[in-house]
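Here's the structure we're looking at; comments come further down.
Below, read A as the first sequence line, B as the second, and so on, with proteins coming before strands; counting in each chain starts at 1.
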Protein chains: 2
Amino acid sequence: MKKKDVKKISSNMEDYLEVIALLKHKRGIVKVTDISQMMRVKKPSVTGALNMLSRYNLVVHEPYGYVELTLEGAKIARETQKRHNLLTKFLGEVLKIDLRIAEQDACKIEHSISTQTFEKLTKFIKFVETCPEGTRPQWLKSFDQYYETGCRFNCKTHIVKSKK
Amino acid sequence: MKKKDVKKISSNMEDYLEVIALLKHKRGIVKVTDISQMMRVKKPSVTGALNMLSRYNLVVHEPYGYVELTLEGAKIARETQKRHNLLTKFLGEVLKIDLRIAEQDACKIEHSISTQTFEKLTKFIKFVETCPEGTRPQWLKSFDQYYETGCRFNCKTHIVKSKK
DNA sequence: AATTTTTGTTAGGATTGGCTAACAAAAGTT
DNA sequence: AACTTTTGTTAGCCAATCCTAACAAAAATT
């Protein structure tokens, strides 16, 4: 099956898969009620979503039984979570957005970013995290200050000074 | 009317408003066919969307007439475009994502970012653009290299070297 | 002015996704 | 075992979007 033939599922379905994976991980079993609570939708909506996910072969779900992800479903869930975590990290750690808001934004943006953006951003965060200067690179601290005060210290000047 | 009372419109409606504003700006008048082409939907879909936007008082549209944005509609369109441009800039100029892809991503993400993220990112870009080192700050060049080669030159070392 | 072409609307249908009310099944209690 | 509570499904409804086919209005042509 070529890439072009893979029917893309909706953001919504991605969200369901993500939640199912999370519950599976946290509790071992996945029940309609739990999904319902976590997704903040009523139970019939969950039943409906599960039917659709079953049609796409992304979950296995016998009526009144537990919910299981298929391999394909688990894969999509993992990928979605990866995007989610990446974005949360970028917004939270790099930009220092409030965690709650970073989470909310990540939750929505996660369905929209291209592979290329995902990869660039991954590298970018790695670039920030592996900075030899310590936890937070100088230039980012400089940005923090710029954001707070509207002023900036010149990177070069600063470093030269610190060597005195 | 308090903020909480403002009924939020869908991403879709935001897109229509954005396109209408764009056409208004480019051609002076806005016709169903143009919207249809730019949105890549059929004309009946446009008629439908315009009816909905009219109900929300975001456009004025007499049957068979031109389309006009109301003040409120224009405001939403402007804000959406601002988010769009910001994201395109960030992805394109900072991360150097291919322009086409940056555009596509921006187009989707623009509907999802919080005010806080918008503002932080705005400052971030300003921080990058007003860098005293020239067009592209040293740390970003360093990232470019890191992305290309997987290796990084130490910022301090580099600067010290360049002073010899 | 009559005809043709273009443009826009209506009517009717599909899909996704959510809801309530009512019922059925499973689990827990006495 | 019988009853109650919890859990899950079905049925039926609504809204947002999109579509096609058919029609109506406006614009352009002859």
Could you list the donor-acceptor pairs under 3.5 angstrom formed between side-chain atoms of residues 40-57 of chain A and any protein atom two or more places apart in sequence or on another chain?
from: A/Thr47; atom 1: OG1; to: A/Lys43; atom 2: O; distance (Å): 3.4
from: A/Asn51; atom 1: ND2; to: A/Thr47; atom 2: O; distance (Å): 3.4
from: A/Ser54; atom 1: OG; to: A/Leu50; atom 2: O; distance (Å): 2.9

Pairs under 3.5 angstrom only: tabulate donor-acceptor contacts from the side chains of residues 106-117 of chain A to other protein residues two or more places apart or in another chain.
from: A/Glu110; atom 1: OE1; to: A/His84; atom 2: ND1; distance (Å): 2.5
from: A/His111; atom 1: ND1; to: A/Glu14; atom 2: OE1; distance (Å): 2.6
from: A/His111; atom 1: NE2; to: A/Asp15; atom 2: OD1; distance (Å): 2.8
from: A/His111; atom 1: NE2; to: A/Asp15; atom 2: OD2; distance (Å): 3.4
from: A/His111; atom 1: NE2; to: A/Cys107; atom 2: O; distance (Å): 3.3
from: A/Ser114; atom 1: OG; to: A/Thr117; atom 2: N; distance (Å): 3.2
from: A/Ser114; atom 1: OG; to: A/Thr117; atom 2: OG1; distance (Å): 3.0
from: A/Ser114; atom 1: OG; to: B/Asp105; atom 2: OD1; distance (Å): 3.4
from: A/Ser114; atom 1: OG; to: B/Asp105; atom 2: OD2; distance (Å): 2.7
from: A/Thr117; atom 1: OG1; to: B/Asp105; atom 2: OD2; distance (Å): 2.5

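Dashed line: the shortest gap from a side-chain N or O of B/Ser45 to OP1 or OP2 of D/dC19 is under 4.0 Å.
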B/S/- contact track for nucleotides 5-11 of chain C, protein heavy atom under 4.0 Å: --BBBB-
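A search for ring-ring contact (aromatic ring centres under 6.0 Å, His included) contacts involving B/Phe143 returns A/Phe124, A/Phe127, not counting sequence neighbours.
Take the nearest nucleotide of DNA chain D for B/Arg40 and for B/Tyr56: the residue whose nucleotide is more 5' is B/Tyr56.
Separating the OH atom of A/Tyr16 from the P atom of C/dT16 is a distance of 13 Å, rounded to the nearest angstrom. Counting to the nearest Å, the P atom of C/dT20 and the NZ atom of A/Lys42 are 5 Å from each other. For the pair A/Ile29 CD1 and C/dA27 P, the interatomic distance rounds to 11 Å; values are reported in whole Å. Rounded to whole Å, the distance from CE on B/Met52 to P on D/dA15 is 10 Å.
Of the possible polar contacts, one joining the B/Thr149 side chain to the B/Gln145 backbone as a donor-acceptor pair under 3.5 Å is found.
Residue pairs meeting the salt bridge (charged side-chain N to carboxylate O under 4.0 Å, His left out) criterion with at least one member in residues 60-70 of chain A, sequence neighbours excluded, are A/Lys24-A/Glu68.
Annotation for A/Leu71: hydrophobic cluster partners, listed by chain and number, are none (ILVMFWY side-chain heavy atoms under 4.5 Å, direct or chained).
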